[in-house]
Amino acid sequence: MAIKIDDKFNDSYIPVSFRNKKVQWARLNEPDEYKGKKSWKLQMIYDMTDPTEKAEATALKKAGFNVRKKNGITFLEVKKAVDEKHPDKKPYVVGADGKTPFTEDIGNGSVVNVNASAHHWDVCDTITLYITGVQVVDHVVYEKGAGFDAVGTGSGASFGAGDDIPF
């Protein structure tokens, strides 16, 4: 992390870099939509069993970053609202070489470097991170679906109407 926790914002944006972060819910090719608002985003995962990761997450939360925990996973979300005038203008995403545009969907567990701008909001005393660029270091292929085989294929028990289910 390239920000000093005691940096002063003075109503400006401070560049922040995160290196070798595992991510989940990366939406960098198609924006995420929530309550009618679209944004490019990803969540950087913090392994709270790793002392270094835990210390970073704790320091970020103490500094005012919105480090959250959901379903046992600690994460920090980085996003950028879709510009309605320029909806195709998205964060710059490159491959491991740092030059080649990366256009594949990024799967959960991928490792990335993230450049962002941090802005402090006095109203709620929190810090928001806005994505400026992402470098994919170790790509995990994004797989759509819920892990089911097509109906009628695969193995395992199947039960029909009237069958006695053993539980």
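Just so you know, residue 1 is the first one in the sequence shown, and it goes up from there. Any value given below was found using the heavy atoms of this structure, including those in side chains, with hydrogens, waters and symmetry copies removed.
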The criterion is side-chain contact (heavy atoms from CB on, under 4.5 Å); which residues satisfy it with K61, sequence neighbours excluded?
V67
Show the nearest heavy-atom pair for residues M48 and A57, with the distance to one decimal.
SD-CB, 4.0 Å
Are the side chains of L60 and Y46 in touch, meaning some heavy atoms are under 4.5 Å apart?
yes
Using the side-chain contact (heavy atoms from CB on, under 4.5 Å) criterion, which residues pair with N29? Sequence neighbours excluded.
K90, D105
Test of understanding: with side-chain contact (heavy atoms from CB on, under 4.5 Å), list the residues that count as partners of N66, not counting sequence neighbours.
R68
Verdict with supporting geometry, N113 and F18, side-chain contact (heavy atoms from CB on, under 4.5 Å):
CA-CA 6 Å; N113 295 332; F18 297 89; over 6 Å; no
Would you indicate whether the side-chain heavy atoms of W40 and R27 approach each other to under 4.5 Å?
no
If the condition is side-chain contact (heavy atoms from CB on, under 4.5 Å), which residues does T132 pass it with, not counting sequence neighbours?
N115, S117
Going by atom type alone, with no hydrogens or angles, which donor-acceptor pairs under 3.5 Å involve a side-chain atom of residues 72-87 and a protein atom two or more places apart or on another chain?
from: E77; atom 1: OE2; to: K41; atom 2: NZ; distance (Å): 3.4
from: E77; atom 1: OE2; to: Q43; atom 2: NE2; distance (Å): 3.1
from: D83; atom 1: OD1; to: K85; atom 2: N; distance (Å): 2.9

Quick one: side chain to side chain donor-acceptor pair (under 3.5 Å) partners of D138, sequence neighbours excluded?
none
With a 4.5 Å limit on heavy-atom distance, are the side chains of M44 and V114 in contact?
yes
So, for V140 and S110, which heavy atoms are closest and what is the spacing to 0.1 Å?
N-OG, 2.8 Å
Minimum side-chain heavy-atom gap P91-L28 below 4.5 Å
yes
Side-chain donor/acceptor of T58 to backbone N/O of K54, under 3.5 Å:
yes
Set of residues satisfying side chain to side chain donor-acceptor pair (under 3.5 Å) with respect to N20, sequence neighbours excluded:
none
All side chain to side chain donor-acceptor pair (under 3.5 Å) counterparts of T52, not counting sequence neighbours
none
Suppose we screen for side chain to side chain donor-acceptor pair (under 3.5 Å). Which residues come up paired with T100, at least two apart in sequence or across chains?
D97
Interatomic distance, CD@Q24 vs CG@N71, rounded to 0.5 Å, equals 9.0 Å
Residues two or more places apart in sequence or in another chain: which of them pass salt bridge (Lys or Arg N to Asp or Glu O under 4.0 Å) with E53?
K21
Who else is in V111's hydrophobic cluster (ILVMFWY, side-chain heavy atoms under 4.5 Å, direct or via others)?
V137
E104 versus Y142, side-chain donor and acceptor atoms under 3.5 Å
no
From V136, N108, I45, L42, residue fulfilling side chain to side chain contact (heavy atoms under 4.5 Å, CB included) relative to V23
L42
Linking Ile, Leu, Val, Met, Phe, Trp and Tyr by side-chain heavy atoms under 4.5 Å, what else ends up with V94?
Y92
